[in-house]
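Remember, predicted model here, so these are calculated numbers, not experimental data. Naming convention: chains lettered A, B, ... in sequence-line order (proteins, then strands); numbering from 1 in each chain.
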Amino acid sequence: MTKVRAPDFDLKKTLESGQVFHWERDGARFFGAIGDRAALVEQRGELLLTNGDETVIRNYFALDHRLREICASFPKDDAMNAAQQFCRGLRIIRQPKWECLATFICSSMKQVVHIRQISHALRERFGERRKINTRVVYTFPSADRIAASSEKELRQCALGYRAKNLLATARRVAHGGVDLEQLSILSDADLRSRLCELPGVGAKVANCVMLFGYERLRAFPIDVWIERVLRAKYFSRARKLNAGRLRAFTERYFGDQGGYAQQYLFHHARMTKTKARGKGKRGRFVTLSPVK
DNA sequence: CTCCAGGGATGAT
DNA sequence: ATCATCCATGGA
């Protein structure tokens with residue numbers, strides 16, 4: 001058992017905020033894998049690690065991010081203030097690049113609970129089995145392993161049409177000349193366009209991979225949740241609002257720590273959704289104006 | 001610009 | 001027990 005001091009960190013919020021999908025909670029304990037290593041982590045003031053390497057944990061949970069400075073840099077508005085208060089201690093973690101890319105390819109058109117099932121199915125079928133404290137966890141399968149599978153096998157993991165995309169991208173990463181580590185040297189714009197060349201990767205998935213796998217803290221993924229928040233809180237009177245305008249706004253308004261701002265707004269919106277729900281059959285936010 | 005694929009949980013009736 | 005809704009990429 002290793003103890004790690006972790007101020008300004010909330011393990012539960014971090015692992016349950018929709019940035020990573022394989023951790024399983026049992027009370028206050030989280031079972032999972034960090035790269036190829038099984039991990040059991042619990043927060044009781046300090047972090048308590050079983051089979052944990054302090055250096056690995058500090059890096060994975062980004063305990064070196066200067067969270068107070070990041071939060072202090074957020075724009076001061078009602079939505080951001082509420083999200084910031086709600087998400088205290090939530091950190092953007094550093095995920096292995098392939099695992100992050102593959103998982104977010106599987107995330108398209110899926111909800112969090114579903115993405116977790118897919119992640120688990122892929123791990124159980126193609127990953128490596130590890131035991132920790134009588135529990136079994138699985139590592140995420142390598143690109144080589146996925147590339148060696150078939151679309152049919154992937155579909156059996158409930159991937160649907162994503163199976164073809166995941167297989168094609170795995171092949172490019174395994175032996176198709178795409179070196180995910182090497183992409184780290186690129187600028188944000190170049191990295192984004194290279195990621196978007198991969199099958200199953202559009203702007204939203206690319207931004208997730210940049211943020212969670214490449215530590216590009218400016219990246220601002222816009223999914224339906226965030227779009228609802230932006231429309232309701234920052235564009236309540238806007239008539240025409242397309243993807244380009246939204247992107248321009250988020251880049252300018254949220255700036256260098258936009259990824260953190262996005263994650264806080266996202267998690268806060270999701271966790272308070274029942275209150276925000278309207279009674280009408282079609283509206284989640286009654287204040288929203290129709291788009292097109 | 002619009003429409004659709006594919007699918008399992010979730011919520012509404 | 002049905003029925004509608006959630007979800008984002010890529011192609012038509």
Side-chain angles (χ1 to χ4, degrees), chain A residues 16-22 24-25 100-125 146 149-173 176 178 191-213 219-232 238-247 250 259 262-263 265-286 288 290-292:
Chain A
E16 295 185 345
S17 63
Q19 59 178 317
V20 63
F21 302 95
H22 71 281
E24 292 186 70
R25 184 164 67 85
C100 184
L101 171 62
T103 304
F104 277 95
I105 286 174
C106 298
S107 79
S108 88
M109 198 73 186
K110 285 289 183 193
Q111 283 153 294
V112 169
V113 57
H114 246 154
I115 303 167
R116 291 180 60 86
Q117 290 169 357
I118 292 174
S119 167
H120 190 256
L122 287 174
R123 287 169 183 271
E124 196 167 6
R125 178 139 189 178
I146 298 284
S149 74
S150 66
E151 184 181 332
K152 183 173 175 226
E153 286 179 295
L154 293 177
R155 280 183 175 269
Q156 286 167 354
C157 297
L159 267 75
Y161 67 86
R162 300 158 200 81
K164 191 185 291 283
N165 293 333
L166 181 62
L167 183 58
T169 291
R171 285 175 175 163
R172 291 206 204 173
V173 172
V178 173
L191 174 59
R192 183 176 293 112
S193 55
R194 291 294 298 277
L195 289 172
C196 284
E197 292 171 1
L198 300 170
V201 181
K204 193 269 179 182
V205 170
N207 278 322
C208 287
V209 176
M210 289 173 67
L211 181 58
F212 305 129
F220 196 106
I222 299 178
D223 73 329
V224 291
W225 287 99
I226 283 298
E227 189 168 332
R228 279 174 208 148
V229 172
L230 294 177
R231 285 180 188 279
R239 289 270 173 139
K240 303 184 292 187
L241 192 55
N242 55 27
R245 267 193 77 193
L246 269 183
R247 178 166 39 78
T250 58
Q262 178 275 157
Q263 196 63 19
L265 291 171
F266 174 86
H267 188 55
H268 182 236
R270 273 176 37 82
M271 292 301 105
T272 56
K273 64 175 173 180
T274 48
K275 289 184 177 181
R277 252 186 188 310
K279 288 197 290 188
K281 301 193 191 319
R282 31 202 291 261
R284 273 160 306 278
F285 288 125
V286 261
L288 286 183
V291 192
K292 300 148 201 172

Nearest to the side chain of A:Lys204 - C:dC7, C:dA8, B:dG7? C:dA8
Heavy atoms from C-beta onward define the side chain here; which of C:dC7, C:dA8, B:dA9 lies closest to that of A:Val113?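 That would be B:dA9.
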Send over the distance from [X] [atom1] to [N] [atom2], rounded to a whole Å.
{"X": "A:Leu159", "N": "C:dC7", "atom1": "CG", "atom2": "P", "result": "19 Å"}
{"X": "A:His114", "N": "C:dT5", "atom1": "NE2", "atom2": "P", "result": "18 Å"}
{"X": "A:Leu198", "N": "C:dT9", "atom1": "CG", "atom2": "P", "result": "13 Å"}

Tell me whether the OP1 or OP2 atom of B:dA9 has a side-chain N or O from A:Gln111 closer than 4.0 Å. no
Are a donor atom and an acceptor atom from the side chains of A:His22 and A:Arg116 found within less than 3.5 Å of each other?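 A:Arg116 and A:His22 do not have a side-chain donor-acceptor pair below 3.5 Å.
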What contact category does A:Ile118 fall into here, base, sugar-phosphate, or nothing, at under 4.0 angstrom with non-hydrogen atoms? nothing
Under 4.0 Å, counting only non-hydrogen atoms across every strand here, what does A:Asn165 touch: a base, just sugar-phosphate, or nothing? nothing
What N/O pairs connect the protein and nucleotides 4-6 of chain B at under 3.5 Å? Give each pair on its own line.
| unit_1 | atom_1 | unit_2 | atom_2 | d |
| --- | --- | --- | --- | --- |
| B:dG6 | N2 | A:Arg162 | NH2 | 2.1 |

Regarding A:Arg25 and A:Glu16, does a basic nitrogen lie under 4.0 Å from an acidic carboxylate oxygen? yes
Whole-angstrom distance between C:dA12 and B:dG6, as gauged at atom P: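 Looking at atom P only, C:dA12 and B:dG6 are 14 Å apart.
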According to salt bridge (charged side-chain N to carboxylate O under 4.0 Å, His left out), who are the partners of A:Glu124, at least two apart in sequence or on a separate chain?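 Result, salt bridge (charged side-chain N to carboxylate O under 4.0 Å, His left out) vs A:Glu124: none returned.
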Given the rule that a pair is Watson-Crick or G-U wobble with both distances under 3.5 Å, how would you write DNA chain C in dot-bracket, using | for pairs to a different strand? |||||||.||||
